[in-house]
Amino acid sequence: MNNKVKIILPDGKEKCIEKGTSLRKIAEQISMSLAKNAVAGKVNGKLVDISCAVSEESHIELLTLDSEEGLNVMRHTAAHILAQAVERLYGKGNVQFGIGPVIEHGFYYDMKCQVSINQSDLVKIEKEMQNIIQENIPIRSYELSLEEAQAYFKKKKQPYKVELLESIPANEAITIYEQRDFSDSCRGPHLPSTGYVKAFHLTKLAGAYWRGDSNNEMLQRIYGIAFARKKDLDAHLHFLEEAEKRDHRKLGKQLELFMFSEEAPGMPFYLPNGQIIRQELEQFSREAQLKAGYQEVRTPLLMNQQLWEESGHWDHYHENMYFSEVDHTNFALKPMNCPGHMLMYKQKLRSYRDLPIRLAEFGQVHRHEYSGALNGLLRVRTFCQDDAHIFVREDQIEAEMEKAIHLIDEVYGVFGFSYTVELSTRPENSMGEDAAWQMSEQALANVLERIDLPYQVNEGDGAFYGPKIDFHIKDALGRSHQCATLQLDFQMPEKFDLTYVNADNEKQRPVVIHRAIYGSIDRFFGILIEHFAGAFPLWLAPVQAVILPVSSVHQPYAAQLKDTFKAAGIRIEADCREEKLGLKLREAQMKKIPYIFVIGNEEEEKQTINVRKYGEKQSQSLSIMEVQKILQKEIAEKAIRHV
RNA sequence: GCUUCCAUAGCUCAGCCGGUAGAGCACUUCCAUGGUAAGGAAGGGGUCAGCGGUUCAAGUCCGCUUGGAAGCUCCA
């Protein structure tokens, strides 16, 4: 009998091994360093422990911590070590465990502990985890039948584990992973021993509902991050620090862009500096839209409840709406702009020749969000949408979608955002006929194919009234935000009985495209603050340049310059306080003002300006006209500052 | 909304085991006329988020309210 078996390595090389050889032994045969570094493996694409024996011809892959998959094995083991540490510290039987999966950059474990764990306990737990790693406890696994496993966890008083096992098919064997005093059911794989866990850190503590359902009990969740090297861990901690420095809430306060107040939770107050930026964003969008054939409109904030009942918002959305009763009539603050635009469409008879009609509005909407969901400008209860509704004939859908995509591309390009696109198709409880859905999904796909825009399909993630294309922008720290959206809608025209007269003088139903580019101007502003770390491009900067006279004798020249630049349309200030240049310069830098103009005797004599750009050390003297031209050009081009 | 944590001067924060409030920055005034990231001095500024309780005594301990932060789909 042949007790040899062939294995195929990732590079295509084949090898003959004894039947039943473990992956660890295979690694040893390949190289000592691989044997040392391999933490898990893959047999025919399936993740397995390094101790897994190979008994038939297979594709073999050995994983080290250099691969994402290997790293995730380590993170998973780290989660088990966390559970073990908690159990050691709080006593067996005092902690019930939920799930402990791997997440981006790390892991978490949900548990119910007799005594509640607080932030300062994390240090203690982390120390115990270090001990467990030091002890380098071997991790072994064995299989139990479902019944055996359930009995096992019942005995261990782990009700959540028992519940989890219920959802596993009865014929599947359950793997128990054991590391001395701790054991857990787990799909695996895991590291060979606890000592393989390298750099980790417990980051935060939070509540989490059992199985994510708010009707269930709340467990305590401990989050951790873990990396293959201390260096990677430090880099990630540095990234978190950087993100914190850029936090728009912090910068918003520092740069006096906006504020919040108890009197209106979740509703931003824009301070003069912030309002300038908002206005610029709005104006830029307005100009781009007008060029693209949109007409700007404005609809009331408050409309009667009946309208919202007709539009279907009452049914789907009234829990998120604000109401008010006046003159014995119920009114609602609009959570969306669509119904208003529908009424406008119906204002007169429309011909097929009129379409497409593109109605745009910077519409202020109110939506009641959970208090716990509020987050600076990123999640608010009132915000301004750069909303538009495009009324089209069916045959115009593709062309209009394409135009809208180009507009979005143009706008995002200005901020230096790259983006990815997702096409979401018909969801479960959707309205409308199959044919219409198929036609429209196809239309959207056609457009994306034609303009060669790569996209990902999200099956069943569309709105209940039609499919959509979402745009996700990537900011300077690599984080992704969903902003623009293009949604096809057959329901709204139906509900409002919208029609146009076709060439045969018959009434026809138009299709509506919902379109937003920034999405919420408020949220987009928040994203921009973090993207630029508060150092806005010149066209957005609330103060574009500041004049710093070296001493008070230069104040008249400062005043003259200020007038000149103001007249040229530049937002400029003169800092004429009786302070030293160094102080004024420091303050101007901290306000991230794009240009600093220093003027003294030399400049006044030659009628020049000594210009220093934000973030640069050197400065240069230029004539007034030259400086004015540079700034005007930079503003007109909406150039991005590279700081 | 729920869980945990937090709220002290305009801002950032200190304040131990409960004994009657502190720093830096900012602000005001004065001195200094200063050339590329903080010149010096003096001064004003607090219902310690709000309400209630325990106590001889509460910023501190306990409740409630308000506001804020993190998290609450990533399935052994």
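Each chain gets a letter, A, B and so on, in the order the sequences are listed, and its residues count up from 1. Just so you know, these numbers come straight off a predicted model, no measurement behind them.
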Classify the side-chain pair A:T485/A:Q487 by whether it contains a donor and acceptor separated by less than 3.5 Å. yes
Tell which nucleotide pairs with B:rC5, taking only Watson-Crick or G-U wobble pairs whose two distances are both under 3.5 angstrom. B:rG68
Where does B:rC17 land, syn or anti, given syn is within 90° of 0? syn
Ranking B:rC72, B:rG1, B:rG67 by distance to the side chain of A:P265, first place goes to B:rG67
Just N and O in the side chain of A:S551: are any of them under 4.0 Å from OP1 or OP2 of B:rG34? no
Among B:rG39, B:rG35, B:rA70, which nucleotide has an atom closest to any side-chain atom of A:K204? B:rA70
Select base, sugar-phosphate, or nothing to describe what A:L205 touches, counting heavy atoms under 4.0 Å on all strands. nothing
Where the side chain of A:S371 is defined as all heavy atoms beyond and including C-beta, which of B:rA37, B:rG71, B:rG1 is the nearest nucleotide? B:rG1
Hunt down the Watson-Crick or G-U wobble partner of B:rC25, both distances under 3.5 Å, from any strand shown, or write none. B:rG10
Of the candidate nucleotides B:rU36, B:rA38, B:rG34, which contains the atom at the shortest distance from the side chain of A:S552? B:rG34
Please confirm whether A:R571 makes a cation-pi placement over A:F565, using NZ or CZ under 6.0 Å from the six-membered ring centre and within 45° of the ring normal. no
Is A:E128 paired with A:K124 through a side-chain N to carboxylate O contact shorter than 4.0 Å? no
Side-chain donor or acceptor of A:Y108 under 3.5 Å from a matching atom on the base of B:rG71? no
When you check the side-chain N and O atoms of A:K156 and A:S183, is any donor under 3.5 Å from an acceptor? yes
Using heavy atoms and a sub-4.0 Å distance, could you list which residues of residues 242-263 of chain A are near RNA chain B? By number, please. A:R249, A:K253, A:E262
Indicate the atoms forming the closest heavy-atom contact of A:V543 with A:P594, along with that distance. O-CD, 3.2 Å
Considering every strand and a 4.0 Å limit on heavy-atom distances, what is the contact class for A:G372: base, sugar-phosphate, or nothing? base
Touch class at under 4.0 angstrom, heavy-atom based, for A:E603 against every strand present: base
Over all strands shown, is A:G600 touching base, sugar-phosphate only, or nothing at heavy-atom distances under 4.0 angstrom? base
According to the Watson-Crick and G-U wobble definitions, with both distances under 3.5 Å, which nucleotide is paired to B:rC75? none
At under 4.0 Å, does any side-chain N or O of A:R612 touch on OP1 or OP2 of B:rA37? yes
Note: A:A79 and A:G100 closest approach over all heavy atoms is CB-O, 3.6 Å
Please tell me if A:Y223 has a side-chain N or O lying less than 4.0 Å from either OP1 or OP2 of B:rC72. yes
Give A:E104 one of three labels, base, sugar-phosphate or nothing, depending on what nucleic acid heavy atoms sit under 4.0 Å from its own. nothing
Let me know, please, whether A:R211 or A:K617 comes out on the 5' side of the other along RNA chain B by nearest nucleotide. A:K617
May I ask you to say what A:L164 touches in the nucleic acid, namely base, sugar-phosphate or nothing, with a heavy-atom cut-off under 4.0 Å? sugar-phosphate
Would you indicate what A:I99 reaches in the nucleic acid, counting non-hydrogen atoms under 4.0 angstrom: base, sugar-phosphate, or nothing? sugar-phosphate
Under a 3.5 Å limit on both distances, the Watson-Crick or wobble mate of B:rG63 is B:rC51
More 5' along RNA chain B: A:D213 or A:R586, using each one's nearest nucleotide? A:R586
